[in-house]
Amino acid sequence: MTATLFALVDCNNFYASCERLFRPDLQGKPIVVLSNNDGCVVARSAEAKQLGVKMAVPVYQVMDMIRAHNIAVFSSNYALYADISNRVMTTLEHMVPRVEVYSIDEAFLDLSRLDRCQDITQLAADIRQRIQQWIGISVCVGIGPSKTLAKLANYAAKKYPMTQGVVDLRTTERQRRLMALTPIDEVWGIGRKIAQRLKLMGIHTALQLADAPPKLIRDSFSVTVERTVHELNGIACDDIQQLVATKQQIVSSRSFGERITHLTAMQQAINDYTCRACEKLRVEGQFARTLSVFIRTSYFTEHQPQYSQVLTGNLTYPSDDTRDFIALAQRLLSRLWREGYAYAKAGVMLGDFYAPGVFQLGLFDEVKPQPKSRALMNLLDSVNHSGKAKIQFAGQGLNADWSMKRNQLSPRYTTQWAHIPTVK
DNA sequence: TCTGGGGTCCTAGGACCC
DNA sequence: TCTGGGGTCCTAGGACCC
């Protein structure tokens, strides 16, 4: 068996860097990017981090700091980030044969066997340089014999400037030296809850976890954490996943810009989310059979009455026709709905997927698929993707006050002709 | 007043069967 | 009806990730 070798390439402050690409006036200035609904901070430039703006903090808590330091604030512009992300990933795919796009700003590379014919640290430096020069985004590269160690290397490359953005953990000695310095919370796969319990067991550093008996860890937690122990010891438990797995579920949910107290508004919101979920389903080329609807009040207003429920229903046959799911969603909502609450969030989930054509209607089923389904859905999607117009179902409502807040949205510089930046 | 959205995987427990 | 082991399937909930 040949030894495995991975790299993790991770963009630095990705959303903030994307915003800055088209705003050279913000060079060296602090930037934050907000979550949907302009709720909390999800990305910060180096300068904003320096000022002490924490990750995931609600905006209103840092408003004074934003004013005092003139921090540039942006709503999330996913159209822009997705496009820049594609450029980064394409560049990587030209440089190494096997790439796993892990998230919008990260990719794992398979370097196994590549180290026989290439200087790996030089390759890492080339990757950094090319992405910086071609796209204008700076990245860090971590190298190790397992994904977990590559992640750890990347963490170090970001944390310690003298590494120049590349950390190579091919030797056990370096692995152990870094792990001894790394708190358990920074290990990939160890979240808040498990970190807390590990600390009670006297395990505080990555190295202590690596040296813990796997059996004990499995019995105290789960196989997932046990795998992390192996991965920290350089035993790869997870390979590069080049093919994008088909989804198991599709979720469409949002917090409301303003609380919903009337059924009509909630019906509109649920219709809207159902339409979006079905669009995603058709992009996947799948059919679904189950749909769940949930509605809930806000966790954060403890003095007000709370309500949170989910209901799941089935179609008699798998479908990708929005009309089928709207009907089902509304039936579920009417059973879920309770008057007298201020609802903060709702959503729908599609599940139980089938490839088209693999299911069969029962001979005596009374329900028949919607007429002209394929043609209508194709038309709907092609018009909505054309950018020229939108077709909606009547139940979705127009410009509702519950819809998402995005007050600081930047232009879609790279994906809309009308938004292309001009140079004066 | 103001606190994201979209995923995956694993486990425990109940229903049901032989 | 009770006794018992062993298996499958499903769902809910918890934990994690970005």
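Since the structure is predicted, the reported quantities are computational estimates derived from the model, not experimental observations. Side chains included, hydrogens not; waters and symmetry mates left out as well; all remaining heavy atoms used. Below, chain A is the first sequence line, B the second, and so on; all start at residue 1.
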Within the 6.0 Å centroid threshold, strictly below: A/Tyr102 and A/Phe108: yes
Residues A/Asp185, A/Arg192: salt bridge by 4.0 Å N-O rule: no
Atom-to-atom span, CG of A/Leu34 to C1' of B/dG4 - whole angstrom: 10 Å
Nucleotide nearest A/Cys40 (side chain, heavy atoms from C-beta), chosen from C/dA15, B/dG5, B/dT3: B/dT3
Separation of atom NZ in A/Lys151 from atom C1' in C/dC17, rounded to whole Å: 8 Å
Rounded distance in Å - CG (A/Asn37) to C1' (B/dG5): 10 Å
is_close_aromatic(A/Tyr343, A/Trp337), centroid dist under 6.0 Å: yes
Sugar-phosphate, base or nothing in reach of A/Ile104, heavy atoms under 4.0 Å: nothing
Flag if over 12 foreign heavy atoms under 6.0 Å of CD, A/Gln50: no
Pairwise 5' ranking along DNA chain B for A/Tyr78 and A/Thr246, keeping only the more 5' one: A/Tyr78
Nearest heavy atoms of A/Leu21 and A/Gly136, plus distance in Å: CD2-O, 3.6 Å
Proximal nucleotide (of C/dC16, C/dC18, B/dT3) relative to the A/Pro58 side chain: B/dT3
N or O in side chain of A/Lys345 less than 4.0 angstrom from B/dG5 OP1/OP2: yes
For atom CZ of A/Arg296 and atom P of B/dT3, their distance in whole Å: 14 Å
A/Gln164, CD atom: more than 12 neighbouring heavy atoms under 6.0 Å: no
Sugar-phosphate only, base, or nothing, as touched by A/Gln61 at under 4.0 Å among non-hydrogen atoms: nothing
Collect all protein-nucleotide pairs involving nucleotides 10-13 of chain B in which both atoms are nitrogen or oxygen and the distance is under 3.5 Å.
residue : atom : partner  : partner atom : Å
B/dC10  : OP1  : A/Arg227 : NH2          : 2.6

Spacing between A/Arg254 atom CZ and B/dG7 atom C1', to the nearest angstrom: 14 Å
Side chain to side chain contact (heavy atoms under 4.5 Å, CB included), paired with A/Glu19, selected from A/Val32, A/Asn13, A/Asn77: A/Asn77
Closest-nucleotide ordering on DNA chain B, the 5'-leading residue of A/Phe300 and A/Lys280: A/Phe300
Option passing side chain to side chain contact (heavy atoms under 4.5 Å, CB included) with A/Val139 (candidates A/Glu106, A/Arg128, A/Gln132): A/Arg128
Atom-pair distance (NZ on A/Lys247; P on B/dG7), nearest Å: 5 Å
Minimum-distance nucleotide (side-chain atoms of A/Gln248 versus B/dT8, C/dC18, B/dG7): B/dT8
C1' gap between C/dC16 and B/dC2, integer Å: 28 Å
Any A/Arg197 side-chain N or O less than 4.0 Å from OP1/OP2 of C/dA15: no
Touch class at under 4.0 angstrom, heavy-atom based, for A/Asp105 against every strand present: sugar-phosphate
Atom-to-atom span, CZ of A/Phe294 to C1' of B/dG6 - whole angstrom: 10 Å
Closest nucleotide among B/dG5, C/dC16, B/dT3 to the A/Ile194 side chain: C/dC16
Touch class at under 4.0 angstrom, heavy-atom based, for A/Ser252 against every strand present: sugar-phosphate
Within 6.0 Å of NE2 in A/His262, more than 12 heavy atoms from elsewhere: no
No-hydrogen, no-angle side-chain donor-acceptor test under 3.5 Å, A/Thr414 and A/Asp83: yes
Nucleotide nearest A/Val251 when distance is taken to its side chain, options B/dG5, B/dG7, C/dC18: B/dG7
A/Tyr78 and A/Tyr15 aromatic ring geometry - parallel, tilted or perpendicular at 30°/60° bounds: perpendicular
Selection from B/dT8, B/dG5, B/dT3 that lies nearest to any side-chain heavy atom of A/Asn36: B/dG5
Watson-Crick or G-U stems of DNA chain C, 3 or more pairs, under 3.5 Å, by first number: B:5-18 with C:5-18
Length of the OH-C1' vector between A/Tyr102 and B/dG6, whole Å: 13 Å
side-chain N/O A/Arg259 vs B/dT1 OP1/OP2, d < 4.0 Å: no
Listed nucleotide nearest any side-chain atom of A/Ser255, set C/dC18, B/dG4, B/dC2: B/dG4
